[in-house]
Enquirer: 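I am attaching a structure below and will ask some questions about it afterwards.
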Amino acid sequence: MNHSNLYQKIYEIVADIPEGRVATYGQIAWMAGRPNAPRVVGYAMSRVPAGLNLPCHRVVNKSGKLAPYQVFGGEQFQRALLEKEGVTFLENGCIDLKKCQWSIYVPEEDME
DNA sequence: GGGCTGACGGTTG
DNA sequence: GCAACCGCCAGCC
């Protein structure tokens with residue numbers, strides 16, 4: 001099994017994140033088959049081709065904090081973008097994971 | 001082929 | 001509750 005397949009899967013998972021929802025690196029790693037490799041996910045994001053147009057801004061850490069990725073133009077830009085998509089932010093600047101954390105099992109009753 | 005780094009996570013202090 | 005350290009896997013020098 002080629003490692004490139006792992007990257008491809010990571011890209012696929014990130015690209016499958018719906019608007020208004022966010023996913024954690026650990027969750028993506030878990031879905032990609034590497035629950036112990038959250039770093040690899042972050043690294044994959046760092047090396048992701050811009051042509052894929054991946055919504056990497058929807059990927060946050062377990063703390064609900066946005067990655068120190070200033071390449072987007074600033075954390076505020078990223079935050080505003082997510083907020084515009086419907087992501088709920090807390091007063092402390094963290095994302096409300098309990099409401100916006102993406103799951104493959106999307107409960108319709110929880111969706112509004 | 002070996003060592004360092006990295007957009008993280010969990011545990012311990 | 002917050003801060004720091006260790007551990008993890010893959011990529012790059």
Side-chain angles (χ1 to χ4, degrees):
Chain A
M1 181 181 204
N2 213 1
H3 295 147
S4 303
N5 186 21
L6 177 61
Y7 265 56
Q8 183 61 43
K9 180 171 289 188
I10 293 174
Y11 297 148
E12 183 179 345
I13 294 170
V14 176
D16 195 50
I17 301 176
E19 297 181 5
R21 292 266 169 102
V22 295
T24 63
Y25 296 96
Q27 185 175 0
I28 295 173
W30 177 71
M31 294 164 69
R34 294 292 181 272
N36 292 7
R39 310 197 67 94
V40 181
V41 179
Y43 211 89
M45 294 288 92
S46 180
R47 301 297 174 184
V48 63
L52 297 180
N53 190 18
L54 253 55
C56 30
H57 56 271
R58 295 179 191 152
V59 185
V60 297
N61 58 21
K62 209 51 165 39
S63 306
K65 291 286 297 181
L66 298 175
Y69 199 51
Q70 307 169 0
V71 184
F72 281 108
E75 300 178 44
Q76 295 180 338
F77 178 79
Q78 204 172 354
R79 174 179 173 179
L81 186 62
L82 291 167
E83 206 170 25
K84 184 173 62 176
E85 294 184 340
V87 177
T88 305
F89 277 79
L90 301 177
E91 297 301 319
N92 57 350
C94 297
I95 297 177
D96 195 350
L97 293 176
K98 62 182 183 298
K99 288 184 180 179
C100 300
Q101 186 173 23
W102 179 49
S103 306
I104 47 180
Y105 310 102
V106 184
E108 300 177 37
E109 50 193 278
D110 191 59
M111 291 187 66
E112 296 187 46

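Chain A is the first sequence line, chain B the second, and so forth, proteins listed ahead of strands; every chain is numbered from 1.
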Enquirer: Whole angstroms only, please: what is the CG-C1' distance between A:N61 and B:dG10?
Expert: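 Rounded to whole Å, this separation is 13 Å.
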Enquirer: Taking atom types as they are modelled, is there a donor-acceptor pair under 3.5 Å from the base of C:dA10 to the side chain of A:Y43?
Expert: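 Donor-acceptor pair under 3.5 Å: no.
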Enquirer: Would you kindly give the CG-to-P distance between A:L90 and C:dG1, to the nearest whole Å?
Expert: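 To the nearest whole Å, that distance equals 14 Å.
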Enquirer: Taking ring-ring contact (aromatic ring centres under 6.0 Å, His included) as the test, write out the residues that go with A:Y11, two or more places apart.
Expert: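 Scan of A:Y11 (ring-ring contact (aromatic ring centres under 6.0 Å, His included), adjacent residues dropped) gives A:Y7.
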Enquirer: Provide, to the nearest angstrom, the distance between the CZ atom belonging to A:R47 and the C1' atom belonging to C:dC13.
Expert: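 Atom-to-atom, A:R47 to C:dC13, this comes out as 11 Å.
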Enquirer: Are the side chain of A:R34 and the backbone N or O of A:V40 linked by a donor-acceptor pair below 3.5 Å?
Expert: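 Judged by distance alone, no pair lies under 3.5 Å.
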Enquirer: Mind checking the CE-NZ spacing from A:M31 to A:K9? Nearest 0.5 Å is all I need.
Expert: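 Separation between the atoms: 10.0 Å.
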Enquirer: To the closest 0.5 Å, what do you measure between CD1 (A:I10) and OH (A:Y25)?
Expert: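 If we round to the nearest 0.5 Å, A:I10:CD1 and A:Y25:OH are 11.5 Å apart.
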Enquirer: Walk along nucleotides 2-9 of chain C from 5' to 3' and tag each nucleotide B, S or - by protein heavy-atom contact under 4.0 Å, base first, then sugar-phosphate.
Expert: -----BBB
Enquirer: Could you tell me how far apart A:K65 (NZ) and B:dA7 (C1') are, to the nearest whole angstrom?
Expert: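 The answer, rounded to whole Å, is 14 Å.
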Enquirer: Can you measure from CG (A:L82) to CZ (A:R21) and round to the nearest 0.5 angstrom?
Expert: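 One finds 13.5 Å between CG of A:L82 and CZ of A:R21.
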Enquirer: Working to the nearest 0.5 angstrom, can you tell me the gap between A:K62 NZ and A:Q101 CD?
Expert: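 Going from NZ on A:K62 over to CD on A:Q101, the span is 6.5 Å.
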